[in-house]
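Counting begins at 1 with the first residue of the sequence. In what follows, every heavy atom counts, from backbone to side chain, and hydrogens, waters and symmetry copies are set aside.
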Amino acid sequence: MHLLREEDLSQAVFEILAGVAGVLGVARGYLHRLREDGGMLLRTHEWSPEKGPEHHKDAVADAGENYRWALGILERGEALRIDDAAPLPTGGRGRGLLDPGERALLMLPVPIHGRLESIFGFVHDRGRPWADDEVAALQLIVDS
């Protein structure tokens, strides 16, 4: 409820990312924004224990074609869960759904007026099953 009264929306997003990432014990949390044409503005906000809050004001827009399968799940209002993916090589490009060295992913949709507006993502550097009750609790936070 405190965050809903926060005047600085960016600060509220960082508090959510840091708080949820801390409770989940994950390596990183981020927020993706979607443009009206369906393109993603990748990681406008990111938080990790090592770097703290990072605001990417000039985030790169992506047409979303590489992520169409993921966006389809999120547009239905469902969470996207990857419990244990094969890790990408650490020398790879990264900045996809998972970065090199990351193995688990939870993405939660933020619909506004029936349209997918944003996506909260939480990633971990080792396999991690996402329990139904924790996903449901996180979706309540995100929906707020």
Flag, side chain of [X] to backbone of [Y], donor-acceptor distance under 3.5 Å:
X	Y	answer
R128	A104	no
H124	A27	yes
Q139	P109	yes

Classify the ring geometry of H55 against F14: parallel below 30°, tilted from 30° to 60°, perpendicular beyond 60°.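 Aromatic pair H55/F14 classed perpendicular.
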
Closest approach of A21 and W47, non-hydrogen atoms and distance? CB-CZ3, 3.6 Å

Quick one: does R33's side chain get under 4.5 Å of E117's, heavy atoms only? yes

For residues F120 and V20, determine if any side-chain heavy atom of one lies less than 4.5 Å from a side-chain heavy atom of the other. no

State the [atom1]-[atom2] distance between [X] and [Y], to the nearest 0.5 angstrom.
X	Y	atom1	atom2	answer
L80	I73	CG	CD1	5.0 Å
E46	K51	CD	NZ	7.0 Å
L74	M107	CG	CE	6.0 Å

Shared ILVMFWY cluster between Y30 and V23, side chains joined below 4.5 angstrom?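 No, because Y30 and V23 fall into different hydrophobic clusters, even though each may have its own neighbours under 4.5 Å.
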
May I ask whether L116 and W69 are part of the same hydrophobic cluster, defined by side-chain heavy atoms of I, L, V, M, F, W, Y residues being less than 4.5 angstrom apart, directly or through others?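 Hydrophobic grouping puts L116 with W69.
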
Report the residue from V142, L34, L108 that forms a side chain to side chain contact (heavy atoms under 4.5 Å, CB included) with I119.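 Among V142, L34, L108, the one that satisfies the side chain to side chain contact (heavy atoms under 4.5 Å, CB included) with I119 is L34.
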
W130 and side chain to side chain contact (heavy atoms under 4.5 Å, CB included): which partner among I82, L105, L24, L138? L24

Does D84 have any side chain to side chain donor-acceptor pair (under 3.5 Å) partners at least two apart in sequence or in another chain, and if so, which? R103

